[in-house]
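Read through the structure below, which is laid out as structure tokens, and then see the notes.
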Amino acid sequence: MSQPKKYWLDRSENVTKLYRGLWVLGITLVALDVFLHKHEEFDFAARFGFYAIYGFFACVALVLTAKLLRSVLMRSEDYYER
């Protein structure tokens, strides 16, 4: 019998490289925030790291909302068999 196909994310060293690469990208983008001049309508949006913080909390809010929705929308295991 043939071996199952291996994908590039099946290897733990590739997952580690991806994880570290995303950290480097995120830190680089936040560091660039120091040098970029922003033309914002609201003062709070021009603060250092605003969009990074906003994005983090928006993502956390989405996950928590999804967990709430799961409890509301979840059906029993034999829902379609009845």
Side-chain angles (χ1 to χ4, degrees):
M1 185 168 240
S2 66
Q3 296 290 335
K5 185 175 179 183
K6 288 282 233 174
Y7 296 96
W8 70 280
L9 282 177
D10 289 339
R11 299 178 64 188
S12 64
E13 60 268 10
N14 290 339
V15 174
T16 303
K17 288 177 189 175
L18 181 65
Y19 182 74
R20 288 180 181 161
L22 287 173
W23 268 102
V24 168
L25 178 65
I27 290 170
T28 303
L29 289 174
V30 170
L32 280 175
D33 199 20
V34 173
F35 303 106
L36 298 177
H37 178 69
K38 298 179 207 101
H39 302 278
E40 298 289 344
E41 282 189 48
F42 303 106
D43 291 333
F44 63 85
R47 292 180 190 255
F48 173 75
F50 170 76
Y51 287 107
I53 295 167
Y54 178 77
F56 174 77
F57 283 113
C59 194
V60 169
L62 280 172
V63 169
L64 294 177
T65 303
K67 287 179 92 171
L68 260 173
L69 275 174
R70 180 180 183 265
S71 66
V72 171
L73 299 174
M74 193 168 68
R75 302 285 183 235
S76 62
E77 213 172 297
D78 62 342
Y79 178 76
Y80 290 107
E81 295 167 2
R82 289 189 268 159

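Throughout, numbering of the chain's residues begins at 1 and tracks the sequence.
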Practice task
Count the heavy atoms of every other residue, nucleotide or ligand shown that sit under 6.0 Å from CG of Asp43, and state whether that count exceeds 12.
Solution key: no
Please set out all donor-acceptor pairs under 3.5 angstrom arising from side-chain atoms of residues 21-38, sequence neighbours excluded.
from  : atom 1 : to    : atom 2 : distance (Å)
Trp23 : NE1    : Tyr19 : OH     : 3.1
Thr28 : OG1    : Val24 : O      : 2.7
Asp33 : OD1    : Lys38 : NZ     : 2.6
Asp33 : OD2    : Gly49 : N      : 2.6
Lys38 : NZ     : Ala46 : O      : 3.4

Handout entry: Exercise: identify the closest heavy-atom pair between Val15 and Leu9
Key = CG2-O, 3.3 Å
Practice task
Return yes when atom CD of Glu40 has more than 12 non-hydrogen atoms of other residues, nucleotides or ligands closer than 6.0 Å, and no otherwise.
Solution key: yes
Problem - Straight-line distance of Asn14 CG to Tyr7 OH, nearest 0.5 Å - result: 15.0 Å
Exercise for the section: Kindly compute the distance separating CG (Leu68) from CG (Leu64), expressed to the nearest 0.5 Å. Expected result: 7.5 Å
Handout entry: Linked hydrophobic residues, Tyr51 as query - side chain contacts closer than 4.5 Å
Key = Phe42, Phe44, Phe50, Tyr54
Practice task
Just grab all the ring pair (Phe, Tyr, Trp, His ring centres under 6.0 Å) pairs involving residues 56-82, residues at least two apart or on different chains.
Solution key: none
